[in-house]
Structures are given as structure tokens and as C-alpha cells.
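Input: a single structure, listed below in C-alpha cells.
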Amino acid sequence: MDKKYEVVIGLEVHVQLKTRTKLFSRVPYFFGEPPNTLIDEVVLGLPGTLPVLNQAAVLKTVAVGCMFGCTIARKCKWDRKNYFYPDAPKNYQISQLDQPLCSGGFVEIELEGAARNLQGIHRKVALNRIHLEEDVGKLTHFADESRIDFNRAGTPLIEIVSEPDMHSPEEVFAYLKSLEMHLRYIDASDCDMEKGQMRCDANVSIRPIGATKLGTKVELKNLNSISGVCNGIRHEIQRQICVVESGETIVQETRRWDAEKNTSTSMRSKENAHDYRYFTDPDLFPITLSEAQIEEQRRSIPELPFAKQERYFNELHLPYTVTSVLCPEKSLSDFLEATLAIYPKNPSASANWIANDLLRECGHQPLSASQVTPQHLADLVRLVDEGVLSKQNAKEVFVEVSRTGIPPQQVMREKGLEVKIDHDALQALCQEIIAAFPKPVAEYRAGKEKALNVLKGQLMKKTQGKVPIGALEQALIACLKG
Ligand code: ADP
Ligand code: MG
């Protein structure tokens with residue numbers, strides 16, 4: 001960016017909550033149904049209908065707030081945001097103006113590290129608020145007509161408003177990725193921007209480096225993908241710099257991003273809260289939450305991905321290349337932990353099987369596409385560790401287990417892949433080596449574990465690499481102790 005200016009960005013992100021039914025009626029919601037089939041009198045705002053609150057949506061919003069460290073309101077009202085447009089048949093949208101369910105908090109983001117495959121730099125982006133509102137219908141404009149689909153109208157939508165606390169398109173990218181990861185993690189939303197489950201408006205301003213007062217902001221709309229958001233912002237920064245450099249002033253306005261033409265056009269000048277004639281919705285009681293209800297949601301939040309990643313590094317010594325695959329996806333780290341609960345000895349082997357082989361077997365499908373269970377994986381890793389199965393053959397066994405669900409031991413035996421070890425001959429060899437190398441033997445017996453490597457090396461030479469290391473080690477230790 002330009003050295004003379006500091007960029008300031010705040011985002012307003014709308015996310016569709018994953019609930020079975022809409023926010024104020026019992027109509028279910030799914031994506032991709034035929035237009036106007038998921039509607040009822042309440043959704044269409046027919047006279048005489050009344051909204052009935054879906055409590056599940058409130059609790060899910062509270063969970064999101066707890067995850068991001070927000071303060072949760074014990075009581076808050078609903079407001080009508082009045083406007084006249086075909087996407088809102090009631091001529092108002094039920095929202096929360098000055099009593100959001102969640103206030104403050106932050107979203108932790110990870111910016112790319114100094115080198116690829118290394119842990120990046122982490123920082124916290126401050127949140128202003130998260131409130132709950134109903135979504136409106138979807139208008140599609142054609143050459144000579146416009147069509148409206150009310151299927152998504154009335155579905156619960158949370159609006160996550162950040163403070164003006166980001167300073168580059170890269171930070172915005174990391175922020176949106178982090179939001180997506182965290183919201184998926186607790187199953188609050190699928191956050192698919194292509195399906196409109198996550199939508200983003202970006203507020204952008206610039207100011208001379210060192211200035212304390214914020215510059216005039218411009219709001220960008222119609223940003224349809226994460227890369228689209230970043231491109232739109234990049235373009236807007238350059239546009240504002242050009243305006244300022246040519247001696248003109250930035251006008252506060254809303255601009256529409258056109259990703260195809262890589263440019264933006266003015267939609268409207270600033271609108272204010274009073275343009276919407278907000279007032280408290282008289283049809284709904286305020287939301288009230290007990291401390292116990294909030295606490296229950298707080299307790300439901302699992303260990304979050306960044307914290308998990310750090311723990312895997314510190315406690316299991318797993319490298320970033322592996323943790324950055326396993327941690328963002330709860331099903332993957334759950335699989336690892338279930339495997340380690342059965343066989344805790346070799347976390348790095350288990351993690352690698354999941355991050356490489358299991359994911360390859362599943363392709364783009366969920367984990368359940370593979371028949372492998374944590375029990376299977378634990379058994380497989382143990383077989384290799386014990387020297388009963390070579391690493392090479394384990395790959396073949398894994399693929400078979402994944403496709404058939406037959407336990408690894410059985411696959412190994414049926415395919416004749418079990419390593420045949422002549423235990424008597426191996427024991428004799430061990431005795432021979434123990435007799436020939438008294439020094440490392442004495443050291444090992446005195447507690448110096450490393451001395452075992454010398455003996456293992458000799459044994460490998462004798463067996464010409466034909467017996468797996470795990471088996472050699474077991475035989476050797478048995479002889480040394482026996
Ligand atoms: P409004 O009153 O226009 O709704 P808000 O203060 O509620 O504005 O902020 C809306 C969004 O714009 C927030 O995400 C906020 O962080 C962001 N924002 C506010 N002022 C600026 C600014 N000067 N530059 C960039 N973003 C800003
Ligand atoms: Mg505002």
C-alpha cells in the first residue's frame with residue numbers, strides 16, 4: 001500500500017444460522033428448494049399473523065458470542081427496521097438496533113508466517129457487536145423483469161460487526177477465514193458464501209499515517225466471495241488514494257462492487273438509522289436469558305482450533321504442516337483424539353495417517369465416506385510399531401480397511417502381509433550381540449536408553465534389514481531384561 005496512508009477497515013458480516021426452522025415461524029429451511037415453497041403466512045407477513053420466537057436461534061447466537069468472548073445481554077428487545085422494498089413483504093425487517101444480544105469480544109486471526117508451512121502471526125480483531133435478525137427474500141433481476149424467492153425470508157441471520165480494526169486486505173482475508181472456521185467448528189453455520197450463507201459488507205477509509213481521527217468511510221456491497229472482498233477492498237483503497245491525491249474529498253457513500261469489471265459504482269449516499277424509522281416491535285416480548293442459560297452455552301464451546309493447534313504442538317509435538325490440516329476441522333481432530341485414546345503411543349504416526357491417507361481416501365467427501373474407525377487406525381499404528389506389519393504394506397492394508405471396513409489384522413492375514421519372524425533365531429541373535437558388546441549392554445542396564453541404538457544397529461546389520469525395527473527392538477529389550 002501507499003506509505004503515506006493508513007488503511008482502516010471494518011466489516012459487517014451476515015451469517016445464516018443453522019437452525020431447523022425460521023426465526024419467527026415453524027417453516028423449515030433448506031438451501032436449493034424450488035422458489036417460494038418454504039413459506040407461510042408469517043413469512044409473507046399476511047395481516048393478522050404474529051411472530052413466535054425460535055429459541056434455538058437465540059441460544060445459537062449466544063454460543064457464537066461466548067466463543068468470541070462477547071458480553072451477552074440478559075435482556076434485549078426487538079426492533080422494526082422499516083423500509084419499502086419487494087424483498088420484505090411486511091415493509092419491515094425484525095432486527096436489533098441498540099440492544100444487541102452480544103457486545104464486544106474479538107476474533108483471533110492468523111496472518112501468513114514468514115515462511116510457508118510455518119505458524120503465522122496471530123492477532124485479535126475487536127468486535128463491536130453481534131445481533132440477531134431475520135433474513136429477507138432474494139430478488140433476482142433479469143433484462144425486463146425481477147423475480148422474488150421468499151424461501152430464505154425469515155431465516156435467522158446474525159450480523160457480526162467488527163470495530164474499524166483491520167488495516168489491509170490480507171487481514172480481512174484472515175478474518176473471514178477465521179470467522180468461517182470458528183462458526184463451522186461449533187456448527188453455527190456452514191458459511192458457504194456461494195450459497196449466500198455468509199455475506200459481507202466492507203467499510204473502508206484511509207487517513208494520513210499518524211492521524212488519530214478516522215477518515216470518511218465508504219461502504220462496499222455485493223462482495224460475493226472471500227477473494228472478491230479482498231479485490232474490492234484493494235480497488236477501493238486505490239480509488240480513495242486517487243481522490244485524495246487529486247485534492248478532492250471522499251464522499252461517504254455505499255458503492256456496489258462489480259467483480260467482473262473489477263470496478264465499483266456509487267449506489268447511494270449515506271443513510272442513517274433515522275431513515276429506517278426504527279421502533280420497538282410491539283408483537284414480541286424482549287428476549288430474556290438467565291445466567292444459567294448463558295453459562296450452559298459457554299460450557300458447550302469446545303477447545304477452539306487455534307488453542308488446539310498450540311496444544312498439539314506443545315504436547316504431542318506435531319508439526320504445523322499436520323496441525324494446520326487437522327485442527328480447523330473438528331471431525332479430523334476428534335478422530336485423532338479418539339485414536340490416541342485407544343493407542344496413545346505414536347501421535348505423529350496417527351496424525352499423519354489422518355492428514356494424508358484418510359483425507360486422500362475421502363476426497364472431497366466427509367470422513368464418513370471412509371470405513372476406517374479410530375479403532376482400526378489405532379490397531380494399524382500398533383501393528384507397525386510392533387513390527388508385525390511393514391510401513392509399506394500398511395499402506396495397502398489401510399486402503400482396504402478404508403474401502404471395506406474389515407479390521408486391519410484380518411486384512412493383513414488374508415493378504416499374507418504379516419511379517420514372518422523366526423523368534424527363536426532372533427532371540428539367538430540377540431544373545432550373540434549382547435555377549436559381543438558388553439559396554440552398551442552395561443550402559444543400557446544402568447539406565448542409558450540411548451545405548452540401545454548401538455545394539456539395534458548391530459542387530460539390523462545381522463538381519464540385513466529384513467526384520468522390522470519394532471520387532472527387533474522388542475526382542476532386544478526382552479533379552480536384555482530376561
Ligand atoms: P454506521 O453508523 O454508518 O452504521 P457504524 O459506526 O455502525 O456506522 O459502523 C459500521 C461499520 O463500519 C463497522 O464495521 C465499523 O467498524 C466500520 N467503520 C466505522 N467507521 C469507519 C471508518 N472510518 N473506516 C472504516 N470502517 C469504519
Ligand atoms: Mg451502525
Side-chain angles (χ1 to χ4, degrees), residues 1-2 4-15 64-65 68-70 73 76 79-83 93 95-107 109 123-133 157-176 178-179 183 198-223 226 229-230 232-241 243-244 248-257 264 266-278:
M1 282 317 140
D2 205 286
K4 275 163 72 181
Y5 301 97
E6 183 194 26
V7 173
V8 177
I9 306 160
L11 294 190
E12 293 160 291
V13 179
H14 283 96
V15 176
V64 171
F68 292 136
C70 305
C76 54
D79 298 294
R80 286 188 180 181
K81 179 180 182 179
N82 298 278
Y83 68 98
Q93 178 189 16
S95 181
Q96 301 185 302
L97 175 65
D98 51 353
Q99 294 182 8
L101 201 42
C102 317
S103 325
F106 60 87
V107 175
I109 65 171
R123 67 161 286 236
K124 291 170 177 180
V125 173
L127 291 181
N128 175 279
R129 60 190 275 161
I130 302 174
H131 70 253
L132 184 55
E133 60 189 28
L157 204 60
I158 50 173
E159 181 171 344
I160 304 172
V161 184
S162 84
E163 291 292 348
D165 191 25
M166 283 168 271
H167 303 281
S168 67
E170 289 72 31
E171 283 194 343
V172 169
F173 183 86
Y175 175 80
L176 290 170
S178 178
L179 272 189
L183 293 167
M198 183 159 121
R199 287 165 252 157
C200 171
D201 300 332
N203 299 273
V204 181
S205 66
I206 57 170
R207 61 182 170 187
I209 296 259
T212 47
K213 198 167 154 278
L214 286 174
T216 304
K217 73 172 166 140
V218 168
E219 185 183 18
L220 278 183
K221 280 198 182 289
N222 197 39
L223 303 162
I226 295 190
V229 177
C230 296
I233 290 174
R234 227 169 258 129
H235 178 274
E236 179 59 21
I237 294 166
Q238 287 313 321
R239 193 192 67 83
Q240 292 190 12
I241 291 174
V243 170
V244 172
E248 292 171 46
T249 46
I250 309 281
V251 184
Q252 185 165 342
E253 61 179 344
T254 301
R255 298 180 69 87
R256 186 174 194 284
W257 173 244
S264 66
S266 182
M267 278 172 78
R268 56 172 184 249
S269 61
K270 180 182 168 53
E271 82 260 49
N272 285 304
H274 64 244
D275 293 324
Y276 292 107
R277 300 162 351 266
Y278 278 99

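All values below come from the heavy atoms of this structure, side chains included, with hydrogens, waters and symmetry mates left out. In each ligand, atom 1 is the first atom listed, and ligand 1 is the first ligand listed.
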| said: If you take the nearest heavy atom of each of L127, V8, T216, which one is closest to atom 25 (C) of ligand 1? | reply: V8
| request: Could you list the residues that satisfy side chain to side chain donor-acceptor pair (under 3.5 Å) with T254, not counting sequence neighbours? | output: E219
| So, N222 side chain and R256 main chain: donor-acceptor pair closer than 3.5 Å or not? | no
| query | Is E170 salt-bridged to R234, going by a charged N under 4.0 Å from an acidic O? | reply | yes
| task | Pick one of side chain, backbone, both or neither for how N128 approaches ligand 1, counting any non-hydrogen atom pair under 4.0 Å. | result | neither
| task | Answer with side chain, backbone, both or neither: which part of N203 has a heavy atom less than 4.0 angstrom from an atom of ligand 1? | result | both
Side-chain donor-acceptor pairs under 3.5 Å in residues 200-207, sequence neighbours left out?
unit_1: D201; atom_1: OD2; unit_2: K221; atom_2: NZ; d: 2.9
unit_1: N203; atom_1: ND2; unit_2: G10; atom_2: O; d: 3.2
unit_1: N203; atom_1: ND2; unit_2: E12; atom_2: OE1; d: 2.9
unit_1: R207; atom_1: NE; unit_2: E6; atom_2: OE1; d: 2.7
unit_1: R207; atom_1: NH1; unit_2: T212; atom_2: O; d: 3.0
unit_1: R207; atom_1: NH2; unit_2: E6; atom_2: OE1; d: 3.0

| said: As a check for students: among S162, G215, P164, identify the option with a heavy atom nearest to atom 23 (N) of ligand 1. | reply: G215
| message | Assess whether a salt bridge exists between R239 and E253, defined as any Lys/Arg side-chain N lying under 4.0 Å from an Asp/Glu carboxylate O. | response | yes
| query | Which bit of E163 gets closer than 4.0 Å to ligand 1, counting heavy atoms only: side chain, backbone, both or neither? | reply | backbone
| message | Test your reading of the structure: does S205 have an N or O sitting under 3.5 Å from an N or O of ligand 1? | response | yes
| field | Sub-4.0 Å atoms of ligand 1 with respect to non-hydrogen atoms of V161 | value | 13 (C), 14 (O)
| said: Using a 4.0 Å cutoff against the non-hydrogen atoms of L11, which atoms of ligand 1 qualify? | reply: 14 (O)
| query | N/O of K217 under 3.5 Å from N/O of ligand 1, yes or no? | reply | yes
| query | Which heavy atom in H14 sits nearest to a heavy atom in E133, and how many Å separate them? | reply | NE2-OE2, 3.0 Å
| Is it true that a side-chain atom of Q96 and a backbone atom of L132 form a donor plus acceptor pair closer than 3.5 Å? | yes
